[in-house]
Every structure is written in structure tokens, then in C-alpha cells.
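Before any comments, here is the structure.
In this text the structure is predicted, and so the values were computed from the model without any measurement.
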Amino acid sequence: MDPGRRFSTSRRVRLGDVTPSGRLRLDAVARYLQDVAFDDGEDAGVKGTERWILRRLAIDVTSLPRFTDMVDLTTWCSGAGPRWAERRTTITAGTPLTPGTGATAAIETTAIWVYVDERGRPSRLPPEFFEHWGTSAGDRKVSARLSHPDPPDGAPVARTWPLRRTDFDIVGHVNNAAYWETVEELVAVGPGTWEIEFRDEVPRGTEAVDVVVDGSALWWTTSGRVHASARARPRD
């Protein structure tokens, strides 16, 4: 059976991608995912590849690559809804984790991207989407519904997080990689599943957001209004 379109590329883990200990950061993973998705669209010859807004991203980490590793990324569309699509990406790198098995440092990601019109409003997927990614999406229907709860009553604001002009991207949103910088700062990152959901855009010009923390869960808020949330399920 034809699995449909797959797009693969490689890149090297550079100095600006890693922690002081040399491991790949989650915000760098987020940038890699944006880049490979954009490159997939350009390679397919599809216009408007920038007109996708991230709704949800889950990063499942077995082992994180390290400084100077070459990483291989393979991405494909794994499902669709009326105005959104699911994209999965596999990242592999480094030396085998278990000699003789061929297993490598691996990251599996699942993202829901919403397609928007010129005004930034959700729009139905265009016919060319199905021409290129319809086979890999198949008949699998995916939901863009969010599942994270509100912050619990009394959960403290752990940090007031300043926003830089460079945190905002060309569509006027705080780029999703900037949120992962907060995760890296406030939560111990390691093997496990890390997920961010995006509820409501932070208005351009906002100077700071409050980050509420409860265990391994985070919420980005202004005046009690939740803009995004993260939760982690670390592996023992």
C-alpha cells in the first residue's frame, strides 16, 4: 500500500541548539519541526506554507541528541479535520543506544496545525492539500480539541516571563519555540512526553506573561487569561 508523501532532511545540532551540558533543547526541537514542515510544503510546490498556526504539539523523547550530532528528520501528514491537519515527525540521531540493535537517540512528535486565511481565521483545507498529503492522511480524522485543564486554584505564579519583539513571528503570534524556552527554564527536561496546547494568542506588544506552575504543568497567563499550557509525563 502506498504510504503517501514522506519528506526527509538532515541537519547538525549546533551550538545555539543545546544546553550547557550539550543536549538538544526542546525549543530547538520546535524550530526543527517548523523548518521541516515548511520545507516539505516548499518541496511539494504548495503556496501559503506559512499559513498554518500550531494548536497542539506533543514531543515524545526517548533520548535527546547532543552537540555536533547529525539528526535525520522524516515528516508526514497523519490525519486531517475540516480546517486542520496532524503532522508527525521522527527525529533520529547519534550512536546506538543498545549495541547491535540499531536503535538511536529518538524523538517522536505529533502536531495539530490549523490552516488560516489571509486574516488569520481558520479556513477549510484547500484542494492542493489533499493532492499532496491526502494519501498519507488517509481516512484518519483528527480533532483540534484541547484537553488541558485550567490552573488549579491557588497555584503560584512561578515567574513573570518577559516577551521580546523577536519572540513574535511573521503572523503576529509568540512563536511556539519561545514557549519551550520557558519549559526548559522551569522544568527538568528528560525522557518522557512533553505537550503544549495553544488556546489564545498573546496580543502583539504584550511585554510579559505570568507563568503558573503546578508540579510539571505550566500555564502562560495575562490577568488570569490562559494563553497556552504545558504538561509533562516524564519516564522513570
- Item | Between R87 and T75, a side-chain donor and acceptor under 3.5 Å | yes
- Task: Enter the distance from L33:CG to T89:OG1 here, rounded to the nearest 0.5 Å.
- Result: 5.0 Å
- Could you tell me whether the side chain of V189 reaches within less than 4.5 Å of the side chain of E184, counting heavy atoms only? yes
- Using the test side-chain contact (heavy atoms from CB on, under 4.5 Å), find all partners of S78 that sit at least two apart in sequence or belong to another chain. W76, E86, R88, R140
- Non-hydrogen side-chain atoms of W180 and V29 separated by less than 4.5 Å: no
- Item | Pairs touching residues 212-230 that satisfy salt bridge (charged side-chain N to carboxylate O under 4.0 Å, His left out), sequence neighbours left out | D200-R225
- Just jot down the ring-ring contact (aromatic ring centres under 6.0 Å, His included) partners of Y179, sequence neighbours excluded, or say none. F198, W220
- Note on the structure: One should read off an interatomic distance between D150 CG and T221 OG1, to the nearest 0.5 angstrom, of 11.0 Å
- Note on the structure: salt bridge (charged side-chain N to carboxylate O under 4.0 Å, His left out) pairs touching residues 115-130, sequence neighbours excluded, are R51-E118, D117-R121
- Can R159 and D210 be counted as an ion pair, charged N to O under 4.0 angstrom? no
- Task: Would you please name every residue forming a salt bridge (charged side-chain N to carboxylate O under 4.0 Å, His left out) with D72, sequence neighbours left out?
- Result: none
- Item | Spatial distance of atom CG (L73) from atom OH (Y32) [nearest 0.5 Å] | 8.0 Å
- According to a 4.5 Å side-chain heavy-atom criterion applied to Ile, Leu, Val, Met, Phe, Trp and Tyr, with indirect links allowed, do W219 and V209 form part of one hydrophobic cluster? no
- Item | R12 and D17 ion-paired at < 4.0 Å | no
- Query: Mind checking whether L218 and V212 have side chains closer than 4.5 Å, heavy atoms only?
  - Reply: no
- Message: Could you check whether any side-chain heavy atom of Q34 comes within less than 4.5 Å of a side-chain heavy atom of N175, counting everything from C-beta outward?
- Response: yes
- Query: Salt bridge or not for R5 and D43, using N-O below 4.0 Å?
  - Reply: yes
- Item | Donor-acceptor side-chain pairing of T222 and H227 below 3.5 angstrom | yes
- Mark yes or no for whether R6, through its side chain, and P3, through its backbone, hold a donor-acceptor pair below 3.5 Å. yes
- D27: what forms a salt bridge (charged side-chain N to carboxylate O under 4.0 Å, His left out) with it, not counting sequence neighbours? R25, R31
- Task: Would you mind reporting whether P162 and E207 have side-chain heavy atoms less than 4.5 Å apart?
- Result: no
- Can you check whether I59 reaches I107 side chain to side chain, under 4.5 Å on heavy atoms? yes
- Using a strict cut-off of less than 4.0 Å between a Lys/Arg side-chain nitrogen and an Asp/Glu carboxylate oxygen, indicate whether D167 and R164 qualify as a salt bridge. yes
